[in-house]
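Written below as structure tokens is the structure these notes are about.
In what follows, every chain begins at residue 1, and chains take the letters A, B, ... in the order their sequences are listed. Computation of the quantities below employed the complete heavy-atom set of this structure, encompassing side-chain atoms and omitting hydrogens, waters and symmetry-equivalent molecules.
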Amino acid sequence: MLLHLISRRVSPSFRSQPSKLSALRFSTTVSAAERLYDHLQGCKNNPEKELASAKVKLDASTINEVIKRCSPNQFQLGLRFFIWAGTQSGHRHSPYMYSKACEFLEIRANPDLIKDVVEAYGKEECFVSIKTMRIVLSLCNQAKLADEALWVLRKYPDFGLSADTIAYNLVIRLFADKGDLSMAETLMKEMDCIDLCPDVMTYTSVINGFCNAGKIDEAWNLSKAMSKHGCVLNTVTFSRILEGVCKSGDMERALEFLGEMEKEDGGGFISPNAVTYTLVIQAFCEKKRVQEALMILDRMGDRGCLPNRVTASVLIQGVVEENDEDVMDLSKLIDKLVKLGGVSLSECFSSATVSLIRLKKWEEAEKIFRLMLVQGNRPDGLACSLVLRELCSLERYQDCFFLYEEIEKANVISTIDSDIHSVLLLGLCEHGCSWEATKLAKWMLDKKMRLNVSHVKRIIQALKKTGDEDLMRRLSTI
DNA sequence: TTAGGGTTAG
């Protein structure tokens with residue numbers, strides 16, 4: 001009974017049927033996916049027409065299931081299905097679905113798939129809309145295929161379509177991210193020629209590309225050209241340039257930029273915000289110039305700009321890295337951050353815990369984490385996960401269990417992953433902590449949490465070895 | 001269009 005209960009919760013890959021869904025949901029998905037897959041098989045020419053007659057309500061798990069079935073021998077059919085599904089009214093692929101499609105259909109490894117499918121549309125005289133092309137381009141985007149995206153852009157006229165700003169922006173961004181700024185600029189000029197006006201997103205992509213390539217002057221010139229084209233230079237774009245300056249290592253120039261942004265004559269369009277200041281703070285911290293980073297914090301405070309979680313975490317990390325012994329600086333910083341507002345004491349303590357663990361200052365990390373719980377502050381998910389994992393690696397399973405209980409009372413348990421649960425359960429079992437193991441196993445079953453496959457066999461073995469009748473009895477009543 | 005640090009689900 002006990003083993004049955006445990007194995008019921010084993011990860012899907014441990015069982016024959018691949019699904020993370022409930023039995024009812026699974027059967028619906030399979031039947032819908034089966035019907036769609038059968039329709040796909042039924043017609044090799046223009047399968048989109050055939051699919052339309054399937055009359056199946058599309059959802060993410062059904063689409064996933066169909067694509068999986070098309071792997072590994074029917075990638076082209078799977079891709080056509082995915083594109084067709086995305087064009088159906090009432091359904092829109094999430095970014096997650098695009099990444100799944102790229103993964104299952106191995107698009108990055110087989111970029112020709114994209115071309116083959118678009119060519120097939122032409123040969124079979126399929127109906128191709130702007131929406132169809134947008135999905136194809138989004139797949140290129142997900143797979144980071146700039147050349148293929150450009151090829152798709154060139155295919156628009158073949159289907160009687162004109163590429164729009166969204167299509168151009170996507171292709172331009174791919175080339176800019178890839179570092180091919182000359183192609184990005186060519187495409188931007190081309191937009192002008194066909195009466196498409198490059199917008200803020202177009203410019204920001206290319207400016208970002210120049211900054212990543214360390215070409216700050218080119219980025220700066222482009223931002224001036226942007227104003228001429230009627231696009232207002234804004235905080236985001238200006239911050240991008242500032243980020244490029246920071247990355248180039250010229251902090252004096254970065255401060256000049258920041259000063260320019262702070263001037264009132266910009267009309268407020270380019271006033272620095274928390275992200276802008278954080279970029280500069282981060283750059284100073286990375287250069288171990290923490291005092292100057294702290295001065296930027298004062299400067300943002302003076303201007304009424306509130307630090308956020310990222311500002312806090314970057315600064316806390318900087319201070320923790322700088323000071324081997326002195327925790328006074330850390331508490332002074334946390335006091336200041338909380339007084340300024342915008343960030344809570346819990347967030348600061350959580351960041352400090354994370355930074356201390358990463359710097360292998362475990363004792364201080366544990367102290368600050370426990371202090372947080374005692375004071376009734378709620379730690380964040382990452383701090384909890386790192387602390388529990390560390391306790392497990394130190395084989396302090398009982399301590400870990402009691403801390404887990406405390407954390408659960410603070411209501412952050414849902415962000416702790418199943419792997420930590422599995423490691424803790426295994427540790428408790430192997431160290432004879434049957435009472436704790438029982439309680440943890442019960443919570444895990446209640447939460448429908450899956451056990452890590454690599455641990456389940458050992459957990460079962462450990463449970464067998466203890467021969468603890470009481471444990472068996474209690475677990476079997478869950 | 002703008003970020004950071006682990007996982008989960010879709």
Side-chain angles (χ1 to χ4, degrees), chain A residues 11-12 19-22 25 29 58-65 67 85 91-101 103 165-166 169-170 172-173 176-177 198-209 211-212 223 226 231-244 246-247 269-270 272-283 285-286 307-318 320 343 347 350-359 379-390 412-423 447-450 452:
Chain A
S11 294
S19 176
K20 291 178 180 175
L21 307 163
S22 69
R25 179 86 188 283
T29 304
L58 291 167
D59 61 24
S61 56
T62 306
I63 295 169
N64 239 338
E65 196 60 37
I67 297 175
H91 180 79
R92 193 189 160 101
H93 292 317
S94 62
Y96 168 80
M97 284 303 293
Y98 277 103
S99 72
K100 278 288 154 202
E103 185 191 323
T165 308
I166 299 176
N169 278 353
L170 186 142
I172 288 172
R173 187 171 184 151
D177 287 351
D199 60 13
V200 188
M201 284 178 234
T202 327
Y203 282 106
T204 309
S205 299
V206 184
I207 286 172
N208 198 30
C211 288
N212 286 340
S223 72
M226 174 179 169
C231 292
V232 180
L233 191 60
N234 61 20
T235 300
V236 175
T237 318
F238 216 110
S239 298
R240 282 288 197 189
I241 301 176
L242 178 61
E243 187 180 11
C246 287
K247 276 186 188 156
F269 290 114
I270 57 163
N273 60 18
V275 177
T276 322
Y277 283 111
T278 305
L279 289 169
V280 182
I281 288 173
Q282 188 165 28
C285 286
E286 279 167 6
N308 62 21
R309 276 169 54 118
V310 184
T311 324
S313 110
V314 164
L315 265 172
I316 288 170
Q317 188 176 319
V320 168
V343 62
E347 285 168 328
S350 295
S351 286
T353 308
V354 171
S355 296
L356 288 165
I357 291 180
R358 296 214 162 121
L359 283 168
D380 69 17
L382 180 62
C384 292
S385 295
L386 292 183
V387 167
L388 294 181
R389 201 175 278 283
E390 186 65 26
V412 275
I413 217 77
S414 59
T415 55
I416 295 169
D417 64 271
S418 61
D419 185 59
I420 293 177
H421 283 89
S422 300
V423 172
K447 289 174 202 299
K448 296 188 168 53
M449 195 163 274
R450 289 177 294 120
N452 186 319

To the nearest Å, how far apart are [X] [atom1] and [N] [atom2]?
X	N	atom1	atom2	value
A:I207	B:dT1	CD1	P	16 Å
A:I416	B:dA9	CD1	P	15 Å
A:R240	B:dT1	CZ	C1'	8 Å
A:I67	B:dG10	CD1	P	15 Å
A:I420	B:dT7	CD1	P	9 Å
A:I166	B:dT1	CD1	C1'	13 Å
A:D59	B:dA9	CG	P	16 Å
A:K247	B:dA3	NZ	P	11 Å

Original post:
Between A:M97 and A:S355, which is nearer to the 5' end of DNA chain B once each is assigned its nearest nucleotide?
Top reply: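 The residue mapped nearer the 5' terminus is A:S355.
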
Original post:
So which one's nearest nucleotide on DNA chain B is more toward 5', A:S350 or A:F238?
Top reply: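 It is A:F238 whose nearest nucleotide is closer to the 5' end.
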
Answer with base, sugar-phosphate or nothing: what part of the nucleic acid does [X] contact at a heavy-atom distance below 4.0 Å?
X	result
A:T235	base
A:D380	base
A:R389	nothing
A:N169	nothing
A:N208	nothing
A:S385	base
A:S94	nothing
A:N64	nothing

Original post:
Can you find a heavy atom in the side chain of A:I316 that is under 4.5 Å from one in the side chain of A:S351?
Top reply: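 Yes, their side chains come closer than 4.5 Å.
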
Subject >> A:I241 vs A:S223 side-chain heavy atoms within contact, under 4.5 Å >> reply: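 Side-chain contact under 4.5 Å: yes.
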
**OP:** Sort and list the pairs that fulfil salt bridge (Lys or Arg N to Asp or Glu O under 4.0 Å) and have at least one residue in residues 381-390 of chain A, not counting sequence neighbours.
**Re:**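 Qualifying pairs: A:R389-A:D417, A:R389-A:D419.
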
Checking contacts here: which listed nucleotide ([options]) is nearest the side-chain heavy atoms of [X]?
X	options	result
A:S418	B:dT8, B:dA3, B:dT1	B:dT8
A:V310	B:dG6, B:dG10, B:dA3	B:dA3
A:A60	B:dG4, B:dG10, B:dT1	B:dG10
A:D417	B:dT1, B:dA3, B:dT7	B:dT7
A:L382	B:dT1, B:dG6, B:dG10	B:dG6
A:M201	B:dA3, B:dT1, B:dG10	B:dT1

Subject >> Spacing of CG belonging to A:L315 relative to SG belonging to A:C285, to within rounding of 0.5 Å >> reply: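 These two atoms lie 5.0 Å from each other.
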
Subject >> Check: A:T276/A:N273 side-chain N/O donor and acceptor closer than 3.5 Å >> reply: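 Indeed, the side chains of A:T276 and A:N273 share at least one donor-acceptor pair under 3.5 Å.
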
Subject >> Results of side-chain contact (heavy atoms from CB on, under 4.5 Å) for A:T204 - residues two or more places apart only >> reply: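 Expected list: A:V200, A:T237, A:R240.
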
